[in-house]
Protein chains: 2
Amino acid sequence: MATSRSRRFKDDVFEQFTRIGKAVASPKRLELLDILCQGPRTVDVLAGHAGLSLANASQHLQVLRTARLIEAEKSGLFVTYRLADGVEGFYLDLRRLAEARLAEVEATTRAYLEERGAMESVDSDALLQRALSGDVTVLDVRPPEEYRAGHLPNARSVPLSELRSRLGELPKDREVVAYCRGPYCVLAIEAVRVLREEGYTAVRLESGPPDWRAAGVPVEASS
Amino acid sequence: MATSRSRRFKDDVFEQFTRIGKAVASPKRLELLDILCQGPRTVDVLAGHAGLSLANASQHLQVLRTARLIEAEKSGLFVTYRLADGVEGFYLDLRRLAEARLAEVEATTRAYLEERGAMESVDSDALLQRALSGDVTVLDVRPPEEYRAGHLPNARSVPLSELRSRLGELPKDREVVAYCRGPYCVLAIEAVRVLREEGYTAVRLESGPPDWRAAGVPVEASS
DNA sequence: CGATTAGTCAATAGACTTCTTGAGTATGCG
DNA sequence: CGCATACTCAAGAAGTCTATTGACTAATCG
């Protein structure tokens with residue numbers, strides 16, 4: 001009978017698909033993918049960002065690599081991991097599905113924002129358009145190397161750590177739009193808090209470079 | 001320090017995303033999703049198709065349901081599960097990523113096809129256009145209820161089990177294009193084998209209704 | 001009413017995963 | 001050369017997931 005043979009074929013195929021599923025079945029690995037969406041990184045930078053021991057991070061990266069979601073390149077002492085083709089898009093799809101289907105995601109986010117006193121509802125698309133228009137001061141508050149890897153056309157790089165000391169550069173009478181890595185990065189939330197304390201009109205743009213790339217919004221490199 | 005609080009926030013968010021990942025981290029659950037792409041089904045039909053015991057199928061369905069990928073509706077003795085919004089697209093994205101990144105998927109498929117003596121390479125898009133054009137006989141070899149739930153505009157329903165006895169309905173001088181549920185369903189492969197044995201010129205269209213819906217190809221219901 | 005059917009629930013053995021620890025390897029630097 | 005750095009590998013304890021079993025519930029039918 002052909003059935004048992006086709007059963008084995010199906011089992012094999014779904015087993016293969018599962019390699020992708022298993023790769024994204026751990027919160028730490030999703031976090032690593034999220035960080036890698038910002039650009040290639042070495043193992044200990046990744047470990048630091050995700051709050052993992054070096055050995056543990058390395059192990060998770062192996063899993064992602066066997067699922068072919070990331071690629072490694074060794075140069076000197078350092079191993080640099082980067083996302084494979086098509087993976088950024090898939091990660092964003094997964095995130096979008098989670099946001100759409102799991103009310104808990106929104107609840108968690110809202111709880112955090114309220115705690116930080118940063119509750120607000122801004123039309124994200126309209127805000128992005130304003131950021132692109134040049135009518136507002138646009139701040140990229142991520143570390144400088146991430147700014148260099150890609151940023152909004154008229155954003156200026158002011159890392160959160162330097163924000164307080166560089167307030168002089170920012171005109172007080174102009175609205176400020178701050179962004180960072182994306183909706184689940186907290187840098188811009190902090191930046192907006194600081195700016196408001198100092199009397200600025202400031203809002204956070206929730207999206208980040210990975211979202212813009214996926215949406216076809218221009219993202220400049222360097223400068 | 002704000003860091004530990006934001007650490008907890010991130011952990012929570014990624015934990016939530018992981019619910020989707022975990023749901024698609026088991027081959028059996030992916031198979032259930034695949035079947036549900038064809039339309040709503042009751043628990044024991046799903047169990048039968050996926051080769052699972054009733055209790056085990058029910059358990060897997062609970063997991064998918066807590067991840068909100070599927071929805072249940074009870075009517076009388078039967079519980080009918082259906083895909084939630086946006087899930088069909090996500091499943092197809094996952095499958096596409098697996099096909100693109102994992103050479104093993106293609107290898108497994110090729111091995112099965114060769115074993116069945118069905119190796120061939122047809123330009124899938126061109127074949128779909130021909131199937132839509134009306135110049136060939138288009139056969140939907142799935143069970144009739146699946147045909148009713150959605151099929152190509154000029155396909156006729158000839159379930160694989162009835163194919164041999166209904167060959168009289170099919171003109172011998174016209175090329176036949178057979179399709180079933182999609183690339184990993186074996187019904188059309190068998191159908192093409194039977195047709196060729198009987199002297200027909202027959203090819204398999206690899207895609208299926210879920211693919212066409214995602215691509216905007218018209219898919220009729222009933223009739 | 002009692003029997004039947006469709007499905008869920010609960011418990012458990014066995015298999016897999018995760019994180020940790022400590023050792024091992026390769027490269028570069030003084 | 002010896003030593004430091006960046007990373008990987010291997011082993012094991014603790015936790016999680018899967019499939020199976022048998023009992024349980026809810027709806028239907030005679």
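All chains are named by letter (A, B, ...) in the order of the sequence lines, taking the proteins before the strands, and each is independently numbered beginning at 1.
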Is it the case that atom CD in A/Glu106 sees more than 12 heavy atoms from other parts of the structure closer than 6.0 Å?
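Result for CD/A/Glu106: open.
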Please check if the number of heavy atoms outside B/Asp85 that lie under 6.0 Å from its CG is greater than 12.
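Counting neighbours around CG of B/Asp85, 12 or fewer heavy atoms of other residues, nucleotides or ligands fall under 6.0 Å, so no.
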Salt bridge flag under 4.0 Å for residues [X] and [Y]:
X        : Y        : answer
B/Glu31  : A/Arg7   : yes
B/Glu115 : B/Arg110 : no
B/Asp11  : A/Lys28  : yes
B/Asp211 : B/Arg181 : no
A/Glu190 : A/Arg204 : no

Between which nucleotides of DNA chain C, 5' to 3', does chain A make heavy-atom contacts below 4.0 Å?
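Result: C/dT17 to C/dG28.
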Given 3.5 Å as the limit, does a donor-acceptor pair link the side chain of A/Ser53 with the main chain of A/Asn56, or not?
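Yes: the side chain of A/Ser53 pairs with the backbone of A/Asn56.
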If you compare every side-chain N and O of A/Tyr81 against the phosphate oxygens of D/dT8 (OP1, OP2), does one of them come in below 4.0 Å?
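Yes.
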Is the distance between the ring centroids of A/Phe14 and A/Phe9 less than 6.0 Å?
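Judged by ring-centre distance (under 6.0 Å), A/Phe14 and A/Phe9 do not meet the cut-off.
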For DNA chain D, which residues in residues 14-38 of chain A have a heavy atom at a distance below 4.0 Å?
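Here the set is empty: none.
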DNA chain D contacts made by residues 41-63 of chain A, counting heavy atoms under 4.0 Å:
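Close to the strand are A/Thr42, A/Val43, A/Asp44, A/Leu54, A/Ala55, A/Ser58, A/Gln59, A/Gln62.
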Taking CG from B/Leu77 and C1' from D/dT28, how many angstroms apart are they, rounded to a whole number?
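To the nearest whole Å, that distance equals 6 Å.
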Report the C-alpha separation of B/Phe90 and A/Phe90 in whole Å, then their side-chain angles, then the decisive distance to 0.1 Å, and conclude whether the ring pair (Phe, Tyr, Trp, His ring centres under 6.0 Å) test is met.
CA-CA 9 Å; B/Phe90 177 73; A/Phe90 176 72; 5.6 Å; yes
